[in-house]
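Written below as structure tokens is the structure these notes are about.
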Amino acid sequence: MSFEQVRKDWTTLGAEDPLWAVLVDPDKRGGRWDAEAFLELGRRDVGVARDQLRRLGLPTSWNRVLDFGCGAGRLSQALAEHAGEVVGLDVAAPMLETARGLDRSGGRISFVLNEDPDLRSFPDGHFDLVYTERVLQHLPREVLETYLTEFARVLRPGGVAVVHCPTRPMRTARGLVWRVAPAPLIRWAQRRLLGYPAPMRMTGVSEERVAGLVAVHGAEVVEAAAVDEPETHWHARRYVIRRRPDA
């Protein structure tokens, strides 16, 4: 699967059922997510991450933040409560349209369409915080790994990235499907059997690989907290990554 196919799929998802596509819940399909409840979950998730950063002695408020794969903006909204400026970046224009409609930040969020399989539109050292959750898992491995390297590049020295990324499928029946079924079969099943407007791929990467990729630009993994989600049938980690002050 190519980056362009991912853009096409998420444009379809964003046009047909954006909030459900961001937080898949069978009871919320067909536009049944309450917008305020959706945004409250964003505040909860950012609160968990801020608690983790506080425990590690790292900043919990920032000047400039990148919300990578912002979707409908639930995390951008929460991050804006603790930042001077948030850039919400996404590949799907309909998602960004929804995010702008839900924006309560008073102009502190800029929602930007991402048309590149990298972050070339941002200079080195541009952000104090890069935040991404349940996004990298939907990308082809090559693109996923490129973005991990790019996160470290666009962090200022001493800046931090909070990165959610799966590692491997669980040892469950559905996890076994993710391990052995060919990608075209999974895409077909999601469309024809589960009724998804467009398929959602899953990709994992090991902790060791994450550490190696961010080290290219002088960053290091400070913590890799287990955040396994049984509903996805994947093991995952929330990484706190810090660019060294001298990098």
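Numbers here are sequence positions counted from 1. None of these values were measured; they are calculated from a predicted model.
Taking the six-membered ring where the residue is Trp, Tyr147 and Phe3 present tilted rings, their angle falling between 30° and 60°.
Side-chain atoms of Ser61 and His82 include no donor-acceptor pair closer than 3.5 Å. With no hydrogens or angles considered, a side-chain donor-acceptor pair links Arg201 and Thr203 at under 3.5 Å. Side-chain atoms of Asn63 and Glu85 include no donor-acceptor pair closer than 3.5 Å.
For Trp33, the ring pair (Phe, Tyr, Trp, His ring centres under 6.0 Å) partners two or more places apart in sequence, or in a different chain, are Phe38. Scanning for salt bridge (charged side-chain N to carboxylate O under 4.0 Å, His left out) contacts around Asp128 gives Arg156, with sequence neighbours left out. Partners of Glu4 by side chain to side chain contact (heavy atoms under 4.5 Å, CB included), not counting sequence neighbours, listed by chain and number: Ser2, Arg7.
The pair Asp45-Arg74 meets the salt-bridge criterion, since a charged nitrogen lies less than 4.0 angstrom from a carboxylate oxygen. For the pair Glu207 and Arg168, the salt-bridge criterion is not met [side-chain N within less than 4.0 Å of a carboxylate O]. A salt bridge is defined here as a Lys NZ or Arg NE, NH1 or NH2 lying under 4.0 Å from an Asp or Glu carboxylate O, and Arg104 with Glu36 meets this definition. The pair Glu150-Arg153 meets the salt-bridge criterion, since a charged nitrogen lies less than 4.0 angstrom from a carboxylate oxygen.
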>> Quick one, Glu115 with Arg120, criterion salt bridge (Lys or Arg N to Asp or Glu O under 4.0 Å). Give me CA distance, side-chain angles, the key distance, then yes/no.
In response: CA-CA 10 Å; Glu115 299 182 291; Arg120 69 185 69 176; over 6 Å; no

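Of the candidates Arg242, Arg55, Arg237, Arg55 is the only one forming a salt bridge (Lys or Arg N to Asp or Glu O under 4.0 Å) with Glu223.
The two residues Pro197 and Arg29 have their closest heavy-atom pair at CD-NH2, 4.1 Å.
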